[in-house]
Structures are given as C-alpha cells and as structure tokens.
Asker: 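Take a look at this one; I'll ask things after.
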Amino acid sequence: QVQLVESGGGLVQAGDSLRLSCAASGRTFSDYAVGWFRQAPGKEREFVAAISWSGAGTYHADSVKGRFTISRDNAKNTVYLQMNSLKPEDTAVYYCAAEFGPYGTNYYLHRDDYDYWGQGTQVTVSS
C-alpha cells in the first residue's frame with residue numbers, strides 16, 4: 001500500500017505560479033511511477049503529467065507542456081508539479097496517483113494504469 005497526500009493548491013490569478021506536492025508513505029516510493037491528473041467540475045478526470053520511478057522519464061499533456069513541470073525527490077518521498085503561467089482553464093482538483101513500476105523510464109498515461117490515488121487539492125485560477 002502507498003498513501004498519497006497532495007498539497008499546495010490555492011486561489012491565484014492568471015499568470016501566477018503554484019507548486020503542488022504529492023507526499024507518499026508506505027512502501028518504497030522510489031519503486032513507483034507517479035502521475036498527476038485533474039478534474040474540473042462536470043468534466044472527466046484528465047491526465048496532466050507523469051514521471052518514472054527514477055525521474056529519468058517524464059511526459060506532459062499538450063495542454064500544459066511548456067508551463068508545467070513534473071519532478072520528484074525520492075529522498076523526500078515527494079513528487080512535485082510546478083505550474084507556471086496559470087490560466088483559468090487550469091482550474092480543477094488536482095490528484096496524484098502511483099503505480100508500482102521500477103522499470104527503466106516507464107511512466108503511465110491513463111487513469112486505469114494507477115492503483116493508488118490521493119484525495120486531491122483544489123487549484124482555482126481567476127481571470
């Protein structure tokens with residue numbers, strides 16, 4: 001079992017930055033690939049970014065590429081999502097998810113790939 005807790009959300013203005021954190025406890029976190037997803041009211045949960053167990057492999061959705069950056073610090077059992085140049089359409093609840101996968105640079109892009117989820121943190125961007 002891996003327990004995940006997101007933090008760092010809040011209310012900001014368009015153009016501002018936020019850094020989300022996903023803190024893990026339980027099993028060896030460095031064995032897990034991690035993804036960030038978001039869900040806006042009335043919409044499906046969508047993929048944002050993913051990172052491999054070592055951090056060597058990363059992938060960002062086109063909608064956030066160049067603005068958001070996923071990273072991790074396995075010594076701190078934490079994955080981060082740095083969000084710059086925020087837009088109102090980035091408003092959503094942001095979730096981190098983990099899946100066992102200490103294999104090369106593997107990461108996962110689909111909700112169904114992940115077994116462990118946090119409770120989410122709200123990000124609201126005003127125009």
Asker: Can you check whether E89's main-chain N or O pairs, donor with acceptor, with T91's side chain at less than 3.5 Å?
Answerer: no
Asker: Distance-only, no hydrogens or angles: does the Y94 side chain make a donor-acceptor pair with backbone N or O of Q39 under 3.5 Å?
Answerer: no
Asker: Between the side chains of N84 and S17, is a donor N or O closer than 3.5 angstrom to an acceptor N or O?
Answerer: yes
Asker: Just so I know, are the side chains of D16 and M83 near enough to count as touching, which here means a heavy-atom distance under 4.5 Å?
Answerer: no
Asker: Is the distance from the ring center of F47 to that of F37 below 6.0 Å?
Answerer: yes
Asker: Could you check whether E44 pairs with R111 (Lys NZ or Arg NE/NH1/NH2 to Asp/Glu carboxylate O, under 4.0 Å)?
Answerer: yes
Asker: Go through the steps to decide whether T124 and Q122 satisfy the test side-chain hydrogen bond (donor to acceptor under 3.5 Å, both in side chains), and finish with yes or no.
Answerer: CA-CA 6 Å; T124 304; Q122 176 71 47; 3.3 Å; yes
Asker: Under a 4.5 Å cut-off applied to non-hydrogen side-chain atoms, are H60 and I70 in contact?
Answerer: yes
Asker: Does S21 form a side-chain contact (heavy atoms from CB on, under 4.5 Å) with K76? I'd like the steps, not just the answer.
Answerer: CA-CA 11 Å; S21 298; K76 295 183 177 179; over 6 Å; no
Asker: Are W36 and V79 close enough, and set up right, to give a side-chain contact (heavy atoms from CB on, under 4.5 Å), and what steps lead you there?
Answerer: CA-CA 9 Å; W36 282 99; V79 170; 3.6 Å; yes
Asker: Compare every heavy atom of S85 with every heavy atom of D90, then report the nearest pair and how far apart it is.
Answerer: OD2-O, 4.4 Å
Asker: Contact between T58 and Y107 at the side-chain level, heavy atoms closer than 4.5 Å - yes or no?
Answerer: no
Asker: Find out whether T121 and V93 are in side-chain contact, i.e. whether some heavy atom of one side chain is under 4.5 Å from a heavy atom of the other.
Answerer: no
Asker: Within this structure, what is the OG-CG distance for the pair S7 and L20, rounded to the nearest 0.5 Å?
Answerer: 8.0 Å
Asker: Indicate whether the side chain of Y80 and that of R19 have a donor and an acceptor atom separated by less than 3.5 Å.
Answerer: no
Asker: Using the ring of each side chain (for Trp, its six-membered ring), is W117 parallel, tilted or perpendicular to Y95, with breaks at 30° and 60°?
Answerer: perpendicular
Asker: Could you report the tightest heavy-atom contact between D115 and E99, atom names first, then the distance?
Answerer: N-OE1, 3.0 Å
Asker: For residues Q119 and V5, determine if any side-chain heavy atom of one lies less than 4.5 Å from a side-chain heavy atom of the other.
Answerer: no
Asker: Would you name the heavy atoms of S127 and A14 that are closest together and state the gap between them?
Answerer: CA-CB, 4.4 Å
Asker: A side-chain contact here means heavy atoms from C-beta on lying under 4.5 Å apart; do Y116 and Q1 qualify?
Answerer: yes
Asker: Does the structure place the NZ or CZ of K65 under 6.0 Å from the centre of the six-membered ring of Y59, at an angle of no more than 45° from the ring's axis?
Answerer: yes
Asker: So F29 and V34, do their side chains get closer than 4.5 Å, heavy atoms only?
Answerer: yes
Asker: Test side-chain contact (heavy atoms from CB on, under 4.5 Å) on L81 and E6 and set out the steps.
Answerer: CA-CA 10 Å; L81 186 68; E6 302 95 336; over 6 Å; no
Asker: Are the side chains of Y32 and W53 in contact, using a 4.5 Å heavy-atom criterion?
Answerer: no
Asker: At what distance, to the nearest 0.5 angstrom, does CZ of R72 lie from OG of S30?
Answerer: 7.0 Å
